[in-house]
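Report on the structure given below.
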Amino acid sequence: MKLLTKYNRVNLVTTIIVMLITGFIYYQAISYILTGIKDKDLVVEEREIFDYVKLNHKLPQTFESNDQQITFTAASPGSVKREFINTEYYKQFEGRHRHPRQGEYEAGRGLISSVTVGDKYFRIQIIVSKVETEDLIQLIFTITIGVILLLLLVLFLTNRLILNRLWQPFYNIMGQLRLFSIADKHEIAQVNTNIDEFRELNTAVAEMAGRAKHDYDDLKAFTENASHELLTPIAVINSKLDTLIQTENFSDQQSKLLNDLYTAASRLTRLNQSLLLLVKIENKLMHDRQQLNLLDLVEEMTSQFEEIFSDKELKVTWDINNKEIYANRYLTEILLSNLISNAIRHNYTGGEIIIDLNNETLTIKNTGDAEPLPDEKIFTRFHKSSHSEGSGLGLTISRQICESFGFKLEYFYDQGYHVFEVIFG
Amino acid sequence: MKILIVEDEEGLRESIEEYFTEAGNICEAAATYQSALAKVNMYRYDCILLDITLPGGNGLEILKSLKDNNYPDGVLIISAKNSLDDRLEGLNIGADDYLVKPFHLSELKARVTAIIRRKSYNGSNLLVFNEITIDLQAKEVKIDNTPLKFTRKEFALLLYFIANKGKVVSKNAIAEHLWGDGIDMANNFDFIYSHIKNIRKKLMEAGCADYIQAAYGMGYKFTDK
């Protein structure tokens, strides 16, 4: 849920609740006051009756005026309790109005009282119409509701318009963060805003990005330097081993030890070269590109592997077409070599390799273990299957190479085949 | 032949010197830019093995000085930097080859031999080892004028052996020479074995002596002794 939506929702609900509560209180207060005024009128009327009775010793004439009705009924002495009532007021229409009905009921306020005239006891009922009061309340209420609705509408619109604009710097920063890549040169730009919070956020994000980039560069430089520094001792080990085997007369045990040393040294060499290569690709140092015919390269590469194919009794199927790419030759060779040697290495004797090259993709499928590889993990550094002889960097390098050319490298498992697909463009 | 080794890393310099020192070869060594420049200006060599990063200066400057003086010495750059720019610059200035550290001494020897061969036999493409005659241009192997059918890899391997004759060449070095260092396959060694078996068979069937000896399971030695 968007902050704006959430904010609007909360805002709307609280506003409505508060408005309803105030409306209710308002209504109660006004009707209390107005009823009080009516009651006073009633008391005045009652007093007039009492005064009249006292003076004339008879009941006044009942008449109807000023929207008030007074009725006297005989009652047994002491039976009437003085009280105010809410009742109905029957309003008769005046004669000149042709109306189907004689009159209508309106809300009224009444006072029940009693008076003794001579020895007779009477119940007095004075009713006044409350219709004006009701009208007043209704009017006030309508205005209030109108104001509420208007307020809500204005709030809603301003929130929408202003908040959207207010949050613009935030979305701007978000967009930059989404595009942020630690490896490229692009910095987080200054967002133009006069809101302190966003300025702080912008600064914090820019600083964080800068630090991350700096640390990353340090790390890359370290990897590069470390790998470079390792080259010389490895070269010395290699040359000393080459010299050592020139001295004659080794026992079986010694030659076994020497063989193991050779293997370890060459693995170390390859590992080191792979690391250096990765750093170079990441630093975009392999920028010299040329027009390459991928068809020729694939054919050349597979002829290198010919004897390995036949040794492992691998059935290699082709469907390759002309495809020109604009790329670095050295890196392309490494990519092809990595993918094909993986397809061989993780295959079984008598298995199958299918190479498919068309205008959109280069696909290398191979049979192998009957279950899919962990999709994303295989592209991480030093991930390798338990029985792999490789450096664990092959696929990382392959993916980096593809990315540096603007290609994509995907893996999926399809009906018994492990498929690596280079998607051009 | 006369070789100058310009390399500041003592261990590596000594190994190269030892590997190249044999009957008929003179090896000299220089560890710094100044001493290398002094030697290069005073003496002529068949081949100079030149490290680029040297104490006191850049090896490429030595190469430039050589070319400015029109000295004909062959130059093989040995560098820890496997960068294409360096390689291109070196070759542009006039180096004959470029080898990246770490390398096998046998690979270095093969490269140096090739450079010297190109320099000294001026146009002749024939390489002769006892009864074996190799036409480098046509990539043909003949035993006493009988042509043999060699595959590309077998041909490369035979040349490699002849360049390193009398030396034990490790299987790792052979594998890297034949397949490049990009390809690492544990079972490459089996292919080396079958290639060597084929070479021996072809040579011996044509009446050639058996020059290839297995050396303690570590590698092979091509020798007529």
Side-chain angles (χ1 to χ4, degrees), chain A residues 228-252 254-256 258-259 262-263 265-270 272-273 276-277 280 285-288 301 303-305 307-308 311-312 328 330 333-334 336-338 340-341 344-345 389-391 394, chain B residues 7-19 51 53 78-85 88 100-109 151-153 164 166-173 175-176 178-191 194-195 215-219 221:
Chain A
H228 255 128
E229 291 305 314
L230 279 174
L231 276 176
T232 312
I234 294 173
V236 174
I237 292 174
N238 254 329
S239 68
K240 294 293 172 195
L241 278 172
D242 286 343
T243 315
L244 181 59
I245 56 167
Q246 305 308 328
T247 59
E248 309 274 319
N249 299 324
F250 289 113
S251 69
D252 280 355
Q254 281 169 326
S255 42
K256 164 112 188 22
L258 271 173
N259 258 331
Y262 256 119
T263 311
S266 76
R267 274 188 79 165
L268 191 58
T269 309
R270 272 197 304 272
N272 201 42
Q273 278 164 349
L276 274 172
L277 183 64
K280 249 179 249 167
L285 293 178
M286 302 283 205
H287 40 59
D288 52 309
M301 199 53 69
S303 76
Q304 288 260 2
F305 286 98
E307 49 210 330
I308 305 176
D311 177 69
K312 238 181 161 178
N328 180 292
Y330 178 61
E333 280 174 358
I334 291 176
L336 291 175
S337 158
N338 276 347
I340 298 174
S341 55
I344 298 170
R345 190 183 291 134
E389 301 266 345
S391 64
Chain B
E7 165 66 59
D8 60 324
E9 182 65 35
E10 193 187 352
L12 194 55
R13 190 175 63 239
E14 282 173 354
S15 300
I16 298 173
E17 242 182 304
E18 199 177 330
Y19 198 85
D51 191 3
T53 43
I78 43 177
S79 168
K81 281 200 207 155
N82 185 13
S83 88
L84 209 69
D85 290 342
L88 284 178
V100 179
K101 287 182 197 173
F103 45 76
H104 284 286
L105 293 177
S106 45
E107 183 67 34
L108 183 67
K109 186 84 189 295
T151 66
R152 220 168 54 181
K153 284 209 171 65
N164 286 288
K167 302 281 186 195
V168 177
V169 180
S170 71
K171 286 189 286 196
N172 287 286
E176 275 174 33
L178 290 187
W179 286 280
D181 46 12
I183 300 169
D184 61 293
M185 287 280 161
N187 43 5
N188 271 1
F189 291 167
D190 300 341
F191 303 125
S194 63
H195 281 313
Y216 322 107
M218 286 177 294
K221 189 173 174 178

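Note that the structure is predicted; figures quoted are calculated from it, not measured. The chains referred to below are lettered A, B, ... by the order of the sequence lines, with proteins before strands, and numbering in each begins at 1. Side-chain atoms are counted along with the backbone in the values below, which use heavy atoms only and exclude waters and symmetry mates.
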Report task. Give a yes or no on this: more than 12 heavy atoms of other residues, nucleotides or ligands lie within 6.0 Å of atom CD of Gln254(A). Result ->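 Enclosed.
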Query raised in the report: If you look at every heavy atom in Lys240(A) and Gly11(B), which pair is closest and at what distance?
Result: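 Smallest heavy-atom distance, with atoms named: NZ-O, 3.0 Å.
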Query raised in the report: Side chain, backbone, both or neither: which part of Phe103(B) has an atom under 4.5 Å from a heavy atom of chain A?
Result: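 Backbone only.
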Query raised in the report: Can you say whether Leu178(B) sits under 4.5 Å from chain A via the side chain, the backbone, both, or neither, judging by heavy atoms?
Result: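 Contact with chain A involves the backbone of Leu178(B) alone.
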For the atom pair [atom1] ([X]) and [atom2] ([Y]), what is the distance rounded to the nearest 0.5 Å?
X         : Y         : atom1 : atom2 : answer
Lys221(B) : Gln246(A) : NZ    : CD    : 7.5 Å
Lys171(B) : Ile245(A) : NZ    : CD1   : 11.0 Å
Lys167(B) : Thr243(A) : NZ    : OG1   : 8.5 Å
Leu244(A) : Met218(B) : CG    : CE    : 7.5 Å

Report task. Select, from Ser251(A), Ser239(A), Gly394(A), Pro233(A), the one with the greatest count of heavy-atom pairs under 4.5 Å involving chain B. Result ->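 Winner by heavy-atom pair count: Ser239(A).
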Query - side chain to side chain donor-acceptor pair (under 3.5 Å) partners for Glu14(B), two or more places apart - result: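 Glu14(B): no side chain to side chain donor-acceptor pair (under 3.5 Å) contacts found.
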Query raised in the report: Picking from Leu105(B), Leu108(B), Leu12(B), Ile78(B), which has the most non-hydrogen pairs under 4.5 angstrom with chain A?
Result: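 Most pairs with chain A among the choices: Leu105(B).
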Query - Matching residue for Ser170(B) among Asn259(A), Leu241(A), Asp242(A) - test: side chain to side chain contact (heavy atoms under 4.5 Å, CB included) - result: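 Result for side chain to side chain contact (heavy atoms under 4.5 Å, CB included) with Ser170(B): Asp242(A).
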**Report entry** The single option from Thr232(A), Val236(A), Asn238(A), Leu268(A) passing side chain to side chain contact (heavy atoms under 4.5 Å, CB included) against Pro102(B)
**Finding:**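 For Pro102(B), the side chain to side chain contact (heavy atoms under 4.5 Å, CB included) test succeeds with only one of Thr232(A), Val236(A), Asn238(A), Leu268(A), which is Asn238(A).
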